[in-house]
Amino acid sequence: MISIKPIHYGSPVYLETLELRNRVMRLPLGLNIHDEDFSFEQNCVLYAAFDGEQVIGMGSMSREGDTCKVEYLCVAGSPLIFRRKMPSCH
């Protein structure tokens, strides 16, 4: 079953999302995520999608007052359709 949970910047799960993002979003473009500075994500709302214990996706949102802006979403493998209400920013 797929679950979506909040994660913390710098946590072991966060580091797993870096590897996922590198594999899905950077390496195909000849880039490496480890050459970039993601310290701004300390101030973001971060979520990971899990299939059991495996990280299969992640999302990053920035806060502007009471509003959240989706910065990006990354999903491993085949496209998945999540039929779930987005969690609140708070």
Side-chain angles (χ1 to χ4, degrees):
M1 175 168 205
I2 295 173
S3 61
I4 299 172
K5 301 175 188 174
I7 62 171
H8 298 285
Y9 176 84
S11 69
V13 172
Y14 175 82
L15 298 177
E16 286 184 56
T17 71
L18 285 179
E19 294 307 317
L20 172 68
R21 292 184 274 174
N22 198 39
R23 191 172 60 249
V24 173
M25 299 171 69
R26 296 298 195 276
L27 294 177
L29 300 174
L31 303 172
N32 189 321
I33 204 164
H34 301 291
D35 296 334
E36 300 176 46
D37 179 13
F38 279 85
S39 61
F40 70 92
E41 288 191 333
Q42 293 177 70
N43 301 314
C44 289
V45 178
L46 305 168
Y47 284 89
F50 297 86
D51 186 359
E53 295 295 315
Q54 182 180 3
V55 175
I56 60 167
M58 79 88 57
S60 174
M61 295 180 283
S62 60
R63 289 184 187 176
E64 296 177 15
D66 290 339
T67 304
C68 284
K69 174 185 170 190
V70 174
E71 296 294 336
Y72 54 84
L73 300 171
C74 177
V75 179
S78 302
L80 299 173
I81 298 173
F82 292 100
R83 297 181 186 271
R84 181 181 174 107
K85 185 178 178 182
M86 281 297 289
S88 73
C89 241
H90 306 287

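Start at 1 with the first residue, then count along the sequence. Heavy atoms only: backbone and side chains are in, while hydrogens, waters and symmetry mates are out.
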| query | With H8, which residues qualify under side-chain hydrogen bond (donor to acceptor under 3.5 Å, both in side chains), at least two apart? | reply | none

| query | Do the side chains of M58 and Y72 get nearer than 4.5 Å, heavy atoms only? | reply | yes

| note | side-chain hydrogen bond (donor to acceptor under 3.5 Å, both in side chains) filter on E16, not counting sequence neighbours, yields none

| message | Testing the basics here: between T17 and A48, what is the closest heavy-atom pair and its distance to 0.1 Å? | response | CG2-CB, 4.4 Å

| request: Using side-chain contact (heavy atoms from CB on, under 4.5 Å) as the criterion, list what pairs up with L27, not counting sequence neighbours. | output: N22

| task | Flag yes if V45 and F38 sit in one hydrophobic cluster, no otherwise; membership is Ile, Leu, Val, Met, Phe, Trp, Tyr, and two members link when side-chain heavy atoms are under 4.5 Å apart. | result | no

| task | Identify, with sequence neighbours excluded, every residue that meets ring-ring contact (aromatic ring centres under 6.0 Å, His included) alongside Y14. | result | Y9

| field | Hydrophobic cluster identity match, I33 and V13, side-chain contacts under 4.5 Å | value | yes

| request: Measure the spacing between OH of Y47 and CD1 of I7 and express it to the nearest 0.5 Å. | output: 10.5 Å

| said: My understanding is that only residues two or more places apart in sequence, or in another chain, count here; which of them pass side-chain hydrogen bond (donor to acceptor under 3.5 Å, both in side chains) with D37? | reply: S39

| said: The criterion is side-chain contact (heavy atoms from CB on, under 4.5 Å); which residues satisfy it with E71, sequence neighbours excluded? | reply: S60, S62, K69

| For R26, all residues meeting side-chain hydrogen bond (donor to acceptor under 3.5 Å, both in side chains), sequence neighbours excluded | E36

| task | Would you check if F50 and I56 make a side-chain contact, meaning some heavy-atom pair closer than 4.5 Å? | result | no

| remark: Taken to the nearest 0.5 Å, the spacing of L73 CG from M61 CE works out to 8.5 Å

| note | salt bridge (charged side-chain N to carboxylate O under 4.0 Å, His left out) pairs touching residues 38-61, sequence neighbours excluded, are R21-E41

| Would a hydrophobic clustering, with Ile, Leu, Val, Met, Phe, Trp and Tyr connected at side-chain separations under 4.5 Å, put F40 with V70? | no

| Residues that, via side-chain heavy atoms closer than 4.5 angstrom, fall in one hydrophobic cluster with L29 | L31

| field | Rounded distance [0.5 Å steps], CE in M25 versus CG in L18 | value | 11.5 Å

